[in-house]
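The figures here come from the full heavy-atom set of this structure, side chains too, leaving out hydrogens, waters and symmetry mates. Naming convention: chains lettered A, B, ... in sequence-line order (proteins, then strands); numbering from 1 in each chain. In this text, all values refer to a predicted model and were calculated from it rather than measured experimentally.
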Amino acid sequence: MSATLGRALAPGADFGSGPPTGRTVCIEHTSANPTGPFHIGRVRNGIIGDTLARVLRAAGETVTTQYYVDDVGRQAAMITWIWSKPVEAWPPPIRAADPGATGPRLDGPRPDLDLGRPYPAVSAYLKEHPEAAEEVAELSRRLEAGDLPARHREFAEAILRGMLATLGRIGIRFDEFVWESSFLADGSVERVVQRLRAAPHATVLENGALAIDASGYGLPKEAPQIVVTRGDGTSLYVTRDVAYHLAKLGRFERVVDVLGQDHGLHARTLEALLTEVGAPKRPEFLIYQDITVPEGGRMSTRKGSAVYLDDLLDEAVVRARAEVAKRRSDVDLAELERIARGVANGAVRYHILRVAPEKAVAFRWEDALAFEGRSGPFVQYAHARAASILRKGERPDGPYEFRSADLSDPSSLALVRSLSLFPRTVAYAARTGHVHAVAGYAHALADEFNRFYERVPVLQEGPERESRIALVGATRTTLRRVLELLGVEPLESM
RNA sequence: GGGCGUGUAGCCUAGUCUGGAUAGGGCUCCGGGUUCCUAACCCGGCGGUCGGGGGUUCGAAUCCCCCCACGCCCGCCA
């Protein structure tokens, strides 16, 4: 007991953190194409990736997060294709999707909405209009040749800016952005192609396309070959991804990619190509399953089944505001708003994190907005209770002193036991990538504290008072730490 | 057809890597709890063929084999 409490209460120490490993690790996550706002399906990637980064940092790793921006593919080409035309010249079906558009609006509060709005219509239109599709294909070829149209990068950056603002609402930020075009510009894609040409299983197809015979890599039988350049010599996405990964593998000791299950085959293809070019090591993949709609199927912007993160967060704030207003007549509007946002964001982040990544999640509003039970607000509430006791005990930040003998009742012992589990939980999550274990631990600790709270009158005058305050101090610190790992705001009151 | 993933009470979920005793939680539902540190809480109750069948083992949700269901992927797209 003394050891656990001592570590949890040590001033300045990060209870639960491991010593620095000296190891550098790159976590690539999210990497959504800049084509429009995030829906909740896409953002599972970011929430898992961001949390993994926090957990690995706590475990002592030196973490760099990267967002890989695809600015040279067909999707990027579609955005530039449509916005390079005067709006009056847009095909009517696309025009109909964004009737208010007058031209590319880059300086609005939501450039991802402004520029991404016509995207689904463009996508649909191209399927039925080969001549337009050919224009986009031609543009795509230009992009890949390094011939970027005047405002191309501007469009991509604007949409990305809007998307990142949304992610920022739930605490997701990136250390670095890596643009796919940079690997074409610096010649590294070309070097990859050269190496693959000389690789053990290289073959040239009838039309001149370069491929790798993948039969030895255990890939599906129907995909015996990995094509790395088209007949016209241009590279494919996976080829450019090899260049990106060689750069990452050369710079970081560990490389982790957070990928949706639909990219599972891509991951194995990438591994095969990295082996072919003689890469010294390989990336680790953290694969998560989709968030589906209750009726089944993935979220789709075009089908109208997508739930946007911003809308979810807005609704969460509305509901949280009502909850806070119900019980806090003592706070002003600004404070009420601050608490509501913290609760709302905590609920949404926790809802995604509570489930193992390999489980598919059927999105339901009432689940995502739950503030009770196994939820973010449940843990936040326990933290707020602890903080409140410490304020009233006039020991918000210590110093804390305890005698083990004062904490020999079952509730205190159980709480200490729960606290002692924190370091190994962090270590486990870091080792396995099972960040949901941290969410589970957070709930278990909050649960144990709530029981303690119910049974032990901490501030009651008596010989145990100081020790009990110390135990609450240790719990508050640990709850704060675990909430930070989850990216959920540790509210001082709610 | 092949590959990958998932299947645990009405619903959601932990545990499966590393086999161990009555399979933990949450939601819903029912019944309690507030002169006392925030009731977004606590206590009790209802509810389980751990997808099915074989096998290994003293012992299987967990390991092996077969099958079933669901999801995703199997482009010179990304």
Side-chain angles (χ1 to χ4, degrees), chain A residues 31-33 35 70 72-77 137 140 180 205-211 218-241 260-269 287-290 292 296-298 320 323-324 326-328 330 343 346-347 351 354-362 364 366-367 370-382 384-393 431-432 434 436-437 439-441 443-444 446-447 449-460 465 468-469 472 491 493-494:
Chain A
S31 300
N33 289 326
T35 56
D70 177 7
V72 301
R74 187 180 142 85
Q75 300 192 317
S140 190
E180 191 171 346
L205 306 181
E206 290 161 5
N207 65 351
L210 175 65
L219 266 42
K221 291 185 182 117
E222 286 74 12
Q225 293 172 326
I226 306 165
V227 177
V228 294
T229 68
R230 300 187 182 88
D232 65 7
T234 57
S235 67
L236 277 79
Y237 172 72
V238 69
T239 316
R240 288 171 240 136
D241 215 14
Q261 67 155 338
D262 54 332
H263 284 63
L265 181 58
H266 173 258
R268 290 192 297 146
T269 305
I287 307 277
Y288 65 92
Q289 302 291 308
D290 290 308
T292 60
R298 282 192 287 179
E323 291 298 317
V324 180
K326 217 157 53 184
R327 48 200 111 196
R328 296 298 299 277
D330 59 313
V343 168
H351 176 248
R354 60 193 286 260
V355 185
E358 60 268 22
K359 290 252 204 188
V361 172
R364 269 180 283 271
E366 61 271 30
D367 293 345
F371 297 157
E372 297 171 352
R374 200 167 173 339
S375 72
F378 178 95
V379 184
Q380 289 172 306
Y381 185 65
R385 275 180 149 180
S388 173
I389 290 178
L390 296 174
R391 276 195 304 274
K392 293 207 164 142
R431 179 171 60 82
T432 60
H434 288 175
H436 65 287
Y441 172 77
H443 177 262
D447 196 37
F449 177 70
N450 280 332
R451 253 192 295 278
F452 166 86
Y453 181 94
E454 198 74 19
R455 292 166 173 68
V456 180
V458 177
L459 296 179
Q460 192 178 77
R465 183 177 144 113
R468 287 174 173 170
I469 288 175
V472 173
L491 296 165
S493 88
M494 59 187 275

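- With a cut-off of 3.5 Å on both Watson-Crick or G-U wobble distances, the partner of B/C29 is given as B/G45.
- Across all strands, A/Val343 comes closer than 4.0 Å to base atoms (heavy-atom distances).
- Residue contacts shown for A/Asn33 are limited to sugar-phosphate atoms, with no base heavy atom under 4.0 Å away.
- The side-chain contact (heavy atoms from CB on, under 4.5 Å) check on A/Ala362 picks up A/Thr292, A/Arg364, with sequence neighbours excluded.
- By the side-chain hydrogen bond (donor to acceptor under 3.5 Å, both in side chains) test, A/Gln380 is found to be paired with no residue, residues two or more places apart in sequence or in another chain being considered.
- Atom CG in A/Leu205 sits 8.0 Å away from atom CG in A/Leu210 (nearest 0.5 Å).
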Give me the distances for all protein-to-nucleotides 4-8 of chain B N/O pairs that come in under 3.5 Å?
from : atom 1 : to       : atom 2 : distance (Å)
B/G5 : O2'    : A/Gln289 : NE2    : 3.1
B/G5 : O2'    : A/Glu358 : O      : 3.3
B/G7 : OP1    : A/Lys359 : NZ     : 3.0

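- Within 4.0 Å of A/Ala356, counting heavy atoms only, lie sugar-phosphate atoms of the nucleic acid but no base atom.
- Judged purely by atom type and a 3.5 angstrom limit, A/Arg374 has no side-chain atom pairing as donor or acceptor with the backbone of A/His443.
- Relative to the side chain of A/Ser388, the nucleotides B/C73, B/U18, B/C37 differ in distance, and B/C37 lies closest.
- Both distances falling under 3.5 Å, in either a Watson-Crick or a G-U wobble arrangement, place B/A69 opposite B/U6.
- Side-chain atoms of A/Ile389 lie closest to B/C37 of the nucleotides B/C37, B/C77, B/C72.
- The side-chain contact (heavy atoms from CB on, under 4.5 Å) check on A/Arg298 picks up A/Asp262, A/Asp290, with sequence neighbours excluded.
- Nucleic acid contact class of A/Gly440 (heavy atoms, under 4.0 Å, all strands): none.
- Considering only residues two or more places apart in sequence or on other chains, A/Tyr288 meets the ring-ring contact (aromatic ring centres under 6.0 Å, His included) condition with none of them.
- Residues that satisfy the side-chain hydrogen bond (donor to acceptor under 3.5 Å, both in side chains) test with A/Thr234, not counting sequence neighbours, are A/Arg230, A/Asp232.
- Between A/His436 and the phosphate of B/G15, there is a side-chain N or O to OP1/OP2 separation shorter than 4.0 Å.
- Contacts of A/Tyr237 with the nucleic acid, taken as non-hydrogen atoms under 4.0 Å apart, include base atoms.
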Find every protein N or O atom lying less than 3.5 Å from an N or O atom of nucleotides 24-26 of chain B, and list the pairs.
from  : atom 1 : to       : atom 2 : distance (Å)
B/G26 : O2'    : A/Arg374 : N      : 3.2

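- A/Arg385 CZ to A/Asn450 CG: the interatomic distance, rounded to the nearest 0.5 Å, is 5.0 Å.
- Qualifying salt bridge (Lys or Arg N to Asp or Glu O under 4.0 Å) partners for A/Arg468, counting only residues two or more places apart in sequence or in other chains: none.
- Taking 4.0 angstrom as the limit, A/Arg391 places none of its side-chain polar atoms (N or O) nearer than this to OP1 or OP2 of B/C37.
- Rounded to whole Å, atom P of B/C76 lies 13 Å from atom NE2 of A/His266.
- Pairing of B/U56, defined by two Watson-Crick or G-U wobble distances under 3.5 Å, is not identified with any nucleotide.
- Using a 4.0 Å heavy-atom cutoff across all strands shown, A/Val228 reaches no nucleic acid atom at all.
- When heavy atoms are screened at a 4.0 angstrom cut-off, A/Ser493 is found touching base atoms of the nucleic acid.
- Residues satisfying the side-chain contact (heavy atoms from CB on, under 4.5 Å) test with A/Ala77, not counting sequence neighbours, are A/Val136, A/Leu139, A/Ser140, A/Leu143.
- Whole-Å rounding puts the A/Met494 CE to B/A39 P distance at 12 Å.
- In this view, A/His266 and A/Tyr237 satisfy the ring-ring contact (aromatic ring centres under 6.0 Å, His included) rule, not counting sequence neighbours.
- Non-hydrogen atoms lying under 4.0 Å from RNA chain B are contributed by A/Asn450, A/Arg451, A/Tyr453, A/Glu454, A/Arg455, A/Val456, A/Pro457, A/Val458, A/Leu459, all within residues 450-459 of chain A.
- Residue-to-nucleotide contacts include a donor-acceptor pair under 3.5 Å from the side chain of A/Asn207 to the base of B/C76.
- In this entry B/G1 has B/C74 as its Watson-Crick or G-U wobble partner, both defining distances falling under 3.5 Å.
- With sequence neighbours left out, A/Ser375 forms a side-chain contact (heavy atoms from CB on, under 4.5 Å) with A/Pro377, A/Phe378.
- Checking B/C72, B/C11, B/C37 against every side-chain atom of A/Asp290, the shortest atom distance belongs to B/C72.
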